[in-house]
Amino acid sequence: METAAPTILWRLFKVGREHARAVILPGGPPYTLAFFSDEQMDRVENFDAMDIALFRADEIKQSLTADGWHEE
């Protein structure tokens with residue numbers, strides 16, 4: 001995955017207009033995974049390999065869906 005623009009991996013919402021998304025930022029290594037909540041950056045994590053970054057994004061998505069979040 002090589003691009004000059006950020007790549008949105010997933011978007012989730014929760015009842016009441018709350019939104020979250022995971023984004024891979026361009027460049028790498030390290031590969032930068034950013035999480036946003038209601039248009040505010042929540043956290044940023046760097047990884048040496050893209051597959052580890054994608055695994056982490058999926059891990060967070062599963063955690064949020066278990067908490068009642070839904071895919072858009």
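Computation of the quantities below employed the complete heavy-atom set of this structure, encompassing side-chain atoms and omitting hydrogens, waters and symmetry-equivalent molecules.
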Where is the tightest heavy-atom contact between [X] and [Y], given as atom of each residue plus distance?
| X | Y | answer |
| --- | --- | --- |
| Leu64 | Trp10 | CD1-CH2, 3.7 Å |
| Ala22 | Ala57 | CB-CB, 4.4 Å |
| Asp48 | Pro29 | O-CB, 3.8 Å |

Checklist entry - Looking at CG of Leu54 and OG1 of Thr7, how far apart are the two atoms once the value is rounded to the nearest 0.5 Å? => result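 The distance works out to 10.0 Å.
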
Nearest 0.5 Å, please: how far is CD1 in Ile8 from CD1 in Ile24?
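Those atoms lie 12.0 Å apart.
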
| field | Joint cluster assignment, Ile52 & Ile60, ILVMFWY side-chain distance < 4.5 Å | value |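 Yes, Ile52 connects to Ile60 through the hydrophobic network.
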
Worksheet item: Do Phe35 and Met50 belong together in a cluster built from hydrophobic side chains that touch within less than 4.5 Å?
Response: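 Per the 4.5 Å side-chain linkage, Phe35 and Met50 are co-clustered.
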
Got a sec, which residues hit side-chain hydrogen bond (donor to acceptor under 3.5 Å, both in side chains) with Arg56, two or more places apart in sequence or on another chain?
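If we apply the side-chain hydrogen bond (donor to acceptor under 3.5 Å, both in side chains) test to Arg56, skipping adjacent residues, the hits are Glu45, Glu59.
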
*Sequence neighbours excluded, which residues qualify as side-chain hydrogen bond (donor to acceptor under 3.5 Å, both in side chains) partners of Glu18?*
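Here no residue qualifies.
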
Got a sec, which pairs hit ring pair (Phe, Tyr, Trp, His ring centres under 6.0 Å) with one end in residues 44-69, sequence neighbours left out?
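For residues 44-69, and leaving out neighbouring residues, there are no ring pair (Phe, Tyr, Trp, His ring centres under 6.0 Å) pairs at all.
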
For Phe36, give me all partners under ring-ring contact (aromatic ring centres under 6.0 Å, His included), at least two apart in sequence or on another chain.
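If we apply the ring-ring contact (aromatic ring centres under 6.0 Å, His included) test to Phe36, skipping adjacent residues, there are no hits.
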
Listing request: all salt bridge (charged side-chain N to carboxylate O under 4.0 Å, His left out) pairs with a residue in residues 5-14, at least two apart in sequence or in separate chains.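 Every candidate salt bridge (charged side-chain N to carboxylate O under 4.0 Å, His left out) pair involving residues 5-14 fails, so no pair, neighbours aside, qualifies.
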
Could you pull out every donor-acceptor pair under 3.5 Å between side chains of residues 37-44 and any protein atom, sequence neighbours left out?
residue: Asp38; atom: OD1; partner: His19; partner atom: N; Å: 2.8
residue: Glu39; atom: OE1; partner: Arg21; partner atom: NH1; Å: 3.3
residue: Glu39; atom: OE2; partner: Arg21; partner atom: NH1; Å: 3.4

